[in-house]
Protein chains: 2
Amino acid sequence: MKTIDVCLSPELMHLYTVEEKSVVVVDILRATSSMTTAFAHGVESIYPVAKLDDCRNMKEKGYLIAGERDGEKVADFDLGNSPFEYMNESLKGKQVALTTTNGTQAIAKSIGAKEIIIGAFLNLSAVAEHLIKSNNDILIVCAGWKGKVNLEDTIFAGALIEKLKNHFSLACDAPLVAQHLYLCAKDDLVKFLSASSHVKRLNRLNIHEDMEFCLTIDTYKVVPVLVDGILKIR
Amino acid sequence: MKTIDVCLSPELMHLYTVEEKSVVVVDILRATSSMTTAFAHGVESIYPVAKLDDCRNMKEKGYLIAGERDGEKVADFDLGNSPFEYMNESLKGKQVALTTTNGTQAIAKSIGAKEIIIGAFLNLSAVAEHLIKSNNDILIVCAGWKGKVNLEDTIFAGALIEKLKNHFSLACDAPLVAQHLYLCAKDDLVKFLSASSHVKRLNRLNIHEDMEFCLTIDTYKVVPVLVDGILKIR
């Protein structure tokens with residue numbers, strides 16, 4: 001039986017190998033939720049960029065530039081990091097370059113994996129089905145908040161493990177932590193997460209609606225995959 | 001109100017400050033449980049040493065030398081890392097140099113704190129009372145397993161937070177993770193932890209009794225504190 005493991009923060013990635021694995025990158029609030037939403041609404045590709053300036057430079061190459069720092073949209077960018085900004089017909093067929101505080105860094109640290117896919121509650125079952133078919137060892141990489149473990153990404157890891165537990169064995173304690181936490185939270189994700197530090201941060205930014213949407217399960221069926229440094233749907 | 005935070009792995013310590021804080025180092029299986037047991041049975045001081053050879057060199061300075069690597073006693077050492085080895089009248093008044101896979105490394109990374117104390121289920125309430133009196137910001141440092149997050153140290157952090165929650169506010173999401181996990185586990189710690197990877201590792205070493213003992217709450221009232229690099233009781 002293949003294994004499933006969880007890296008609770010990108011700062012722990014040096015303890016894990018990614019070779020031959022399916023890596024699922026998760027940044028529920030809000031990078032991977034917004035990416036999933038963008039693809040579901042017809043965006044053709046997303047180029048994840050770690051640095052703000054590198055992202056800005058993609059504008060002249062015909063990309064829409066998108067991103068946030070500390071939860072707020074970058075002033076001169078076309079798009080921020082709210083999933084609602086990506087529910088727009090005018091984005092159909094467009095190429096987007098995206099940088100976020102935590103999400104794009106988590107992708108960068110996963111390079112070298114057999115495949116890198118984007119997970120969110122919004123595409124939870126689609127991701128689980130994809131992983132069962134791929135049947136590689138799995139590493140879920142939680143983006144966290146500036147290196148620290150966060151509640152929402154850990155709970156997503158637990159939700160995915162619940163979907164996969166009959167097909168994969170747990171590699172270590174971190175998957176158990178995630179799984180138990182999800183079981184505590186699952187009856188009311190919004191209520192459970194309202195105590196989290198990042199949700200408090202988002203509330204200050206008046207984006208409670210974003211949070212509720214990002215905790216919606218299986219709205220979309222897209223599975224974004226990183227191919228040659230660019231995210232596309234399969 | 002002062003805050004309480006949790007560093008879930010020593011590999012995340014660079015994200016936290018220790019200055020002006022009370023740091024609680026925890027390595028339930030078994031370093032901090034054995035240290036607590038040793039002091040409760042009259043050991044005078046414990047010198048925590050990161051490296052095996054440095055520990056061995058303390059022998060000629062009159063110390064008993066103690067330690068394990070990968071859960072097993074070091075062959076030529078006087079003592080291993082089982083709490084039962086420290087329930088021995090002959091250790092009364094003795095000085096012990098101790099090195100362990102994870103616990104002593106966690107202590108080394110906490111240097112610079114206002115105070116460093118040793119926590120275990122065995123002295124849970126005594127540690128909580130001490131922290132309430134000290135009234136500093138608190139950082140609980142989980143020793144983990146070779147850098148990875150583990151179940152037993154995280155649950156201890158949650159148990160301590162439950163004792164302190166009316167006196168301190170939670171700094172971040174990691175304390176919430178620990179607290180929820182403890183609430184899942186508290187009705188039967190032994191059963192809950194029997195799924196953990198480290199307990200499986202210990203079971204292979206036939207030390208299930210150690211595990212059960214290390215999960216016993218409030219057996220002792222000692223609070224080991226690090227003073228000038230040496231652990232003593234207050």
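Every chain is numbered from 1, with letters handed out A, B, ... down the list of sequences.
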Check your understanding: What part of B/Asp153 gets closer than 4.5 Å to chain A, counting heavy atoms only: side chain, backbone, both or neither?
Key -> neither
Exercise for review: Please tell me if the side chains of A/Asp5 and B/Lys148 come closer than 4.5 Å, counting only heavy atoms from C-beta onward.
Suggested key: yes
**Study point:** Contact leader toward chain A among B/Leu15, B/Leu183, B/Val6, where contacts are heavy-atom pairs under 4.5 Å
**Key:** B/Leu15
Study note, to complete from the structure: Between A/Ser9 and B/Leu12, the two heavy atoms sitting closest are OG-CD2, 3.9 Å
**Study point:** From SG (A/Cys184) to CD (B/Gln179), nearest 0.5 Å
**Key:** 10.5 Å
Check your understanding: Within a strict 4.5 Å, meaning less than it, do heavy atoms of the B/Asp173 and A/Thr154 side chains meet?
Key -> no
Point to revise | Proximal component of B/Leu8, with respect to chain A [non-hydrogen, under 4.5 Å] | key: side chain
